[in-house]
Structure formats: structure tokens, C-alpha cells
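Data first, discussion second: the structure below is written as C-alpha cells.
Residue numbers count from 1 along this sequence.
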Amino acid sequence: MSNRLRIADYRGVYELVGECKELGADPMAWRDHLHHRARELFRAQIAIYTESDRVDNPGVKDWLRINVHLDSGWPCESDRRAMFRLYDTGRPDCDGSPMVDSPAALRVASRQDSISDAEWYQGFFFNEFIRPAHMDDAIMMQHRLGNEVRMLVLQRCEHDKHFTRRDVRRLRLLGIELGRAFGRSLAARDDMGVTELPRRLQQVLLCLLEGDNEKQVSLRLNLSHHTVHDYVKMLHRRFSVQSRGELLAKCSPFKRVLEQLVRAPRENS
């Protein structure tokens, strides 16, 4: 089978990047969407997205300081715990790991690019962390900007087909397009967002962005006018604005994010 990218591959990657850009004003919303949708796009069981600072040389315990960690797709919590014992070691590059610190701005590779099948299946890393989690093959994308390391790892479960060169090429295309958008249409992790706002503040802010005044917000959310007014004052303080106009101007990029947050069903509801 040809390893060349197909039209559907390009479409899938550009759709994912476009979706991330729609949520890009919020630093956590686009990151969360990226790792969930990448897992679906590449038919992976697990997706792990991290952003770290390199604080020492590879090989030294805790040489990476993790600032962002997102993961999804685990069939059960015991499998996740088995894999994440790795973090307790402080050595993601321990013997047999396919993780290779690269000075390149973008590195995309399959597990087979880093270690042979024979070394992989006989190695400490696979038998200590991967096999107990019922995982196997992986592809990885790493962005480097100075000492900052952004990494997306996609893993398939044991007995699944291995990733192909076509998958690696698709992931490289995704990496190139994300690299162009980092810090521009995709917010940096320290930028202000709305994901961490309490749900009521998210609801009130969305109503305001949809054109409601405070009285209409109180009717729509079944809250007293006094409560809504207090929430609006909280939003003013949160975003350091003095008027509703300033608030709407500053928060209009968050509307798409708020629509997803407010209209998504609550967990455990």
C-alpha cells in the first residue's frame, strides 16, 4: 500500500488545525481539542500531550519540568496508572524508551525510527511500562523552541496494527501547521482564557456575548438581577475592564470556546 498522503489525509489534518484555531483564543481549549481529535484522526487508543521545560541534560532525573499534561483514551484507570509509573521515575528517556531529545525545531517519528522491534520487545521500557498498560506501537511529534519541548504521543494498544510511514507523514504535516500557529492563532499556555472560569461565569459571559443585557441574562439563567450584576462585576475584574463594551471586545474571541463549554453536558450529571 502506498505511503503517500491522500486528499483525505490533507483534509483531516487541515480540519483539525482549523478546529484548534477556532478555539485558539483559550490556552487550554485548543490543547484539549488537539489531543482528543488527533487520537481519533490517527486511530490511536491513547493520546498524550505535554509541554515541558528542559532544565537539565537528558539522562539526569527530572531533566524535564512538565507544565502541561493532557491524556485520553485509557480503557481503564489501572492501565493508565501502569503507564504513568514512568513519571515517578523522572526519566521518560529510560532504557529502551523511543523518546529521543532532538535539537530540531520539529521532529516526527514512529517508534520503529528510534528502536528496532527486537530491542523494543526485549527492553526495560516496554516490559516495565508499556506492556502492563496493554499498549504497544507509537508515533511522536516534538516541537522545540529554546528549552521548551511540546510533545504529542499517539499509542495503539497491543495486537493493533503498527503505525505506517503514511501516519508519520500525516503527523509531520500536522506538526508543521501547528508550528505556524503557535503563539499566533493558538494561545500560549500563560495567556488568559475562559476554560477555568466557574460554570456560572461562563454562562453569564456567553449570554452577554450573544447580546443579552443583565435583565435578559437573569431571566435566561433563572438568577436574580442582583446575582447577575455581581457576576458581571466579577467578569470585569477578571478581564481588567471597566465597561461592558470593553468586556465584549476583549472576550469575543472566546465565544466559540464558551459555546462548547456551556452546552457540553456536565460530567457525572
Could you tell me whether Arg43 atom CZ has more than 12 heavy atoms of other residues or ligands within 6.0 Å of it?
-> no
Return the orientation label for the Trp30 and Tyr49 ring planes: parallel under 30°, perpendicular over 60°, tilted otherwise.
-> perpendicular
Is there a donor-acceptor pair closer than 3.5 Å between any side-chain N or O of Gln202 and the backbone N or O of Val194?
-> yes
Correct closest heavy-atom pair for His36 and Ser72 would be NE2-CB, 3.6 Å
Using the six-membered ring wherever Trp is involved, compare the ring planes of His69 and Phe84 and label them parallel, tilted or perpendicular (cut-offs 30° and 60°).
-> perpendicular
For the pair Gln112 and His162, evaluate side chain to side chain donor-acceptor pair (under 3.5 Å) and give the outcome as yes or no after the intermediate values.
-> CA-CA 9 Å; Gln112 294 97 319; His162 285 187; 3.2 Å; yes
In sequence, state the C-alpha distance, the side-chain angles, and the governing distance for Asp136 and Tyr121, and then conclude on side chain to side chain donor-acceptor pair (under 3.5 Å).
-> CA-CA 9 Å; Asp136 190 354; Tyr121 291 116; 2.8 Å; yes
Write down the atom of Lys250, the atom of Phe239, and the distance for their closest heavy-atom approach.
-> NZ-O, 2.7 Å
List the steps and the verdict of salt bridge (charged side-chain N to carboxylate O under 4.0 Å, His left out) for Arg170 and Asp167.
-> CA-CA 5 Å; Arg170 280 197 297 162; Asp167 292 319; 2.8 Å; yes
Does the pair Arg238 and Glu196 meet the rule for a salt bridge (charged side-chain N to carboxylate O under 4.0 Å, His left out), with working shown?
-> CA-CA 11 Å; Arg238 163 79 176 185; Glu196 302 303 319; over 6 Å; no
Heavy atoms of other groups near Glu77 CD, more than 12 under 6.0 Å | yes
Identify whether NZ of Lys or CZ of Arg in Arg256 sits under 6.0 Å from the centre of the six-membered ring of Phe254 and within 45° of that ring's axis.
-> no
Is there a donor-acceptor pair closer than 3.5 Å between any side-chain N or O of Asp79 and the backbone N or O of Trp74?
-> no
Walk me through it: do Arg111 and Asp137 pass the test salt bridge (charged side-chain N to carboxylate O under 4.0 Å, His left out)?
-> CA-CA 6 Å; Arg111 188 273 303 164; Asp137 202 40; 3.5 Å; yes
Could you tell me whether Glu214 and Arg244 have a side-chain N and a carboxylate O separated by less than 4.0 Å?
-> no
When you look at Arg150 and Glu148, which way does the salt bridge (charged side-chain N to carboxylate O under 4.0 Å, His left out) test go after all the steps?
-> CA-CA 7 Å; Arg150 305 184 187 105; Glu148 185 180 15; 3.5 Å; yes
